**Student:** 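I am attaching a structure below and will ask some questions about it afterwards.
Atoms within each ligand, like the ligands themselves, are counted from 1 in listed order. Quick caveat: nothing in here was measured; it's all calculated off a predicted structure.
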Amino acid sequence: MQRDFLMSQLKKNPNKQWDIVVIGGGATGLGIAVDAASRGYKTVLLEQSDFAKGTSSRSTKLVHGGVRYLAQGDVSLVLEALHERGLLRRNAPHLVKNQAFIIPSYDWWEGPFYNIGMKVYDMMAGRLGLGPSEKISREETLKAIPNLDENHLNGGVIYYDGQFDDSRLAINLAQTAVEHEAVVLNYMKVTNLLKDKNELVCGVEAHDEESGENHTIHSRVVINATGVFVDNILSMDDSNAPALVRPSQGIHFVLDKSFLQGDSAIMIPKTSDGRVLFAVPWHDKVVVGTTDTPLEPDYITLEPRALEEEIDFVLNTAAQYLKKDPQKKDVLSVFAGLRPLAAQQDSESQSTKEISRSHRLMVSLSGLITITGGKWTTYRKMAEDTVNKAWMVGGLSKRKCVTEHMPIHGYVKNTHFDSPGYFYGSDRSSINAMIQEEPSLGKRLHPNYEYTRVQVVWAVRYEMARTIEDFLSRRIRMLLLDARASMAMAQDVADIMARELKRDNTWIKDQVKDYQTLAQGYILS
Ligand SMILES: Cc1cc2nc3c(=O)[nH]c(=O)nc-3n(C[C@H](O)[C@H](O)[C@H](O)COP(=O)(O)OP(=O)(O)OC[C@H]3O[C@@H](n4cnc5c(N)ncnc54)[C@H](O)[C@@H]3O)c2cc1C
């Protein structure tokens, strides 16, 4: 997956008519590119920034059916998500882990109540279940989570769900799409839609954010998979198009592992605002979140920031359940993401936590296809539905979806999720071979972390990292795991990347400066 090579594919025949152009390189767009290319459609995907720069790198990192949606009675969504959870664990076993969750019970009725709920959840997963849930004693609960607040604790319920690394999966999906001959490009912003004499959409205009060049790309179908930005593309199609998305923000903290020892996660089923809150082990740290804060559409940005009240809410809720109350100074990183919820037309008063997480597929009069809503967990099914619509709309030959049992790039069985670099899956041996050849690449980027220089080189050569943020935030997850440590790595990373990308000292200086500014936004002072 090399940007220059992929760009040359686009440029070599500017009049070529592609079958499908996908706008947006998050979970939704990348899933569609994999589905379309693996069916044999000539596919291009354009992402304005880096892959997964938007919501898709800012999730709770769960591959789950959604216990909360079960409580809301959204049975079909839970059934679909549980099925997709099972498939994703099979198709990307190097990234999706079977994670034990414990619901602690402090009132006598909570244990039996949640036990019944989780049995229904297990039953719905059927053969793709990850393990049976059960009610556990107070002693067993504390053994699994030694840091849980013991006051009035009765016991708990243990259940199993999936846990993953969202932006790593996004990169692997991009690689999978390229292996099926798709052209996927980051830093290519769609600036306009092309229309034929019948006012039907027949391609896009795109701006290469690196070279400054503009490109015209002809296609039989154009798919708008831009998450919270779908309304921008819809207004390129029709300046009077009604808004489709109701954005809602969710934030997470990352804390040191000492706050949640053991391997189990905590699921708090009902917080004071009626949501669920998770504390989940992730890359030897703990991710705590999330919130559901409705926002005005003009707040939509690629770099949302946690609000003061969200920070207080997560800190206070976590403190109710943990022995050691986390303070602002303990937060290693804080990140925010925007849910691209598909608003129902009559839902002005509906709170965002009640809006269904199901996806919504829409075809405009011009033939533009828009997909919004959904979850990371269901990205494959969303893609299947979208491409089924695309061949009909574009008059393409009908071809069956083949992703249900298709391994994703990196696929390798029996992953040891504790070992460094596990997330490279089948690529790991090639990375180790590079260190054998050039031992200096095995040098660490930070004394406290096991990430090494070879990973920077690998990310540039094979994962299309173009900036130090691409590397530190989405190829490895340092920005989210420990923002201060990531700032300390920035200079080294910039030097290595500049050598690989043939950039000069000004580039290095600008990159480091921009990164320090960005990373400050992930630190609570
Ligand atoms: C706080 C939070 C927690 C979540 N937790 C989970 C979870 O644990 N499990 C789960 O299954 N789901 C979870 N989700 C949901 C999941 O993360 C999202 O449904 C999913 O990531 C949305 O992906 P997307 O591709 O639609 O949007 P995005 O990831 O935002 O991608 C859209 C992309 O389009 C690009 N774009 C926009 N305009 C243009 C343009 N003009 N040209 C080119 N590109 C453009 C953007 O740069 C962006 O990268 C969570 C969501 C949030 C907010």
**Student:** Between Tyr114 and Ser133, is any pair of side-chain heavy atoms under 4.5 Å apart?
**Tutor:** no
**Student:** Answer side chain, backbone, both or neither: which part of Phe229 comes under 4.0 Å from ligand 1, heavy atoms only.
**Tutor:** side chain
**Student:** Would you kindly specify which portion of Ile233 sits under 4.0 Å from ligand 1, judged on non-hydrogen atoms: side chain, backbone, both or neither?
**Tutor:** side chain
**Student:** Would you say ligand 1 has an N or O under 3.5 Å from any N or O of Leu62?
**Tutor:** yes
**Student:** Which of the numbered atoms in ligand 1 are under 4.0 angstrom from any heavy atom belonging to Leu46?
**Tutor:**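 Listed by number with element, the hits are 43 (C), 44 (N).
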**Student:** If the cut-off is 4.0 Å to any non-hydrogen atom of Gly24, which atoms of ligand 1 fall inside it?
**Tutor:** 33 (C), 34 (O), 35 (C), 44 (N)
**Student:** Salt bridge check: are Lys389 and Asp385 linked by an N-O gap of less than 4.0 Å?
**Tutor:**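 Asp385 and Lys389: not salt-bridged.
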**Student:** Atom 37 (C) of ligand 1: which protein heavy atom is closest, and how many Å away?
**Tutor:**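 Scanning the protein heavy atoms, the shortest distance from atom 37 (C) of ligand 1 goes to Gln48 NE2, 3.4 Å.
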**Student:** When you compare the side chain of His252 with that of Lys61, does any pair of heavy atoms fall below 4.5 Å?
**Tutor:** no
**Student:** Check Lys61 against ligand 1 and report side chain, backbone, both or neither, counting heavy atoms closer than 4.0 Å.
**Tutor:**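 It is the backbone that touches ligand 1; the side chain stays farther off.
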**Student:** Side chain, backbone, both or neither: which part of Thr60 comes within less than 4.0 Å of ligand 1 when only heavy atoms are counted?
**Tutor:**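 Both backbone and side chain.
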**Student:** For ligand 1, which atoms have a heavy atom of Ile23 less than 4.0 angstrom away?
**Tutor:**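 Near Ile23, the atoms of ligand 1 are 40 (C), 42 (N), 43 (C).
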**Student:** Only heavy atoms of Leu302, strictly under 4.0 Å: list the atoms of ligand 1 that pass.
**Tutor:** 47 (O)
**Student:** Give yes or no for whether the N/O distance cutoff of 3.5 Å, strictly under, is met between Lys189 and ligand 1.
**Tutor:** no
**Student:** Just which atoms of ligand 1 are under 4.0 Å from any heavy atom in Thr290?
**Tutor:**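 Contacts of ligand 1 toward Thr290, numbered from 1: 1 (C).
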**Student:** For the 3.5 Å polar cut-off, considering only N or O atoms, please tell me whether Val63 and ligand 1 meet it.
**Tutor:**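 In this structure, Val63 places no N or O atom under 3.5 Å from an N or O of ligand 1.
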**Student:** Could you identify the single nearest non-hydrogen protein atom to atom 49 (O) of ligand 1 and state the distance to 0.1 Å?
**Tutor:** Glu47 OE1, 2.7 Å
**Student:** Give a yes/no on ligand 1: does Gln249 have at least one heavy atom closer than 4.0 angstrom to it?
**Tutor:** no
**Student:** Would you kindly specify which portion of Ile371 sits under 4.0 Å from ligand 1, judged on non-hydrogen atoms: side chain, backbone, both or neither?
**Tutor:** neither
**Student:** Going by distance only, is there an N or O of Ser59 that falls short of 3.5 Å from an N or O of ligand 1?
**Tutor:**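 In this structure, Ser59 places no N or O atom under 3.5 Å from an N or O of ligand 1.
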**Student:** Nearest protein heavy atom to atom 29 (O) of ligand 1, by residue and atom, and its distance?
**Tutor:**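 Scanning the protein heavy atoms, the shortest distance from atom 29 (O) of ligand 1 goes to Ser56 OG, 2.5 Å.
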**Student:** Under 4.0 Å from any heavy atom of Gly250, which atoms of ligand 1 are there?
**Tutor:** 1 (C)
**Student:** I need the nearest protein heavy-atom contact for atom 53 (C) of ligand 1: residue, atom name and distance, please.
**Tutor:** Arg339 CG, 3.3 Å
**Student:** Can you check whether Val190 has an N/O within less than 3.5 Å of an N/O in ligand 1?
**Tutor:** yes
**Student:** For atom 18 (C) of ligand 1, which protein heavy atom lies nearest, and how many Å away is it?
**Tutor:**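 Atom 18 (C) of ligand 1 sits closest to the protein heavy atom Thr55 CG2, 4.0 Å.
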**Student:** Counting non-hydrogen protein atoms only, what is the nearest one to atom 26 (O) of ligand 1? Give residue, atom name and distance.
**Tutor:**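 Sorting protein heavy atoms by distance from atom 26 (O) of ligand 1 puts Thr28 OG1, 2.7 Å first.
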**Student:** Taking side chain as C-beta onward, heavy atoms only, is Val334 less than 4.5 Å from Arg305?
**Tutor:**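 Not in contact.
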**Student:** Which heavy atom of the protein is the closest neighbour of atom 16 (C) of ligand 1, given with residue, atom name and distance?
**Tutor:** Trp376 N, 3.6 Å
**Student:** Could you list the donor-acceptor pairs under 3.5 angstrom formed between side-chain atoms of residues 79-86 and any protein atom two or more places apart in sequence or on another chain?
**Tutor:**
{"unit_1": "Glu84", "atom_1": "OE1", "unit_2": "Arg380", "atom_2": "NE", "d": "2.9"}
{"unit_1": "Glu84", "atom_1": "OE2", "unit_2": "Arg380", "atom_2": "NH2", "d": "2.9"}
{"unit_1": "Arg85", "atom_1": "NH1", "unit_2": "Tyr160", "atom_2": "O", "d": "3.1"}
{"unit_1": "Arg85", "atom_1": "NH1", "unit_2": "Asp161", "atom_2": "OD1", "d": "2.7"}

**Student:** Are side-chain heavy atoms of Ile266 and Leu322 found at a separation under 4.5 Å?
**Tutor:** yes
**Student:** Is there a polar contact, in the sense of an N or O pair closer than 3.5 Å, between Thr377 and ligand 1?
**Tutor:**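 Checking ligand 1 against Thr377, an N or O pair does fall under 3.5 Å apart.
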**Student:** Need the ligand 1 atom indices (1-based, order shown) with element for anything under 4.0 Å from a heavy-atom of Gly337.
**Tutor:**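 In order of numbering, the contacting atoms are 53 (C).
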**Student:** Using a 4.0 Å cut-off to any heavy atom of Gly374, which atoms of ligand 1 qualify?
**Tutor:**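 Listed by number with element, the hits are 19 (O).
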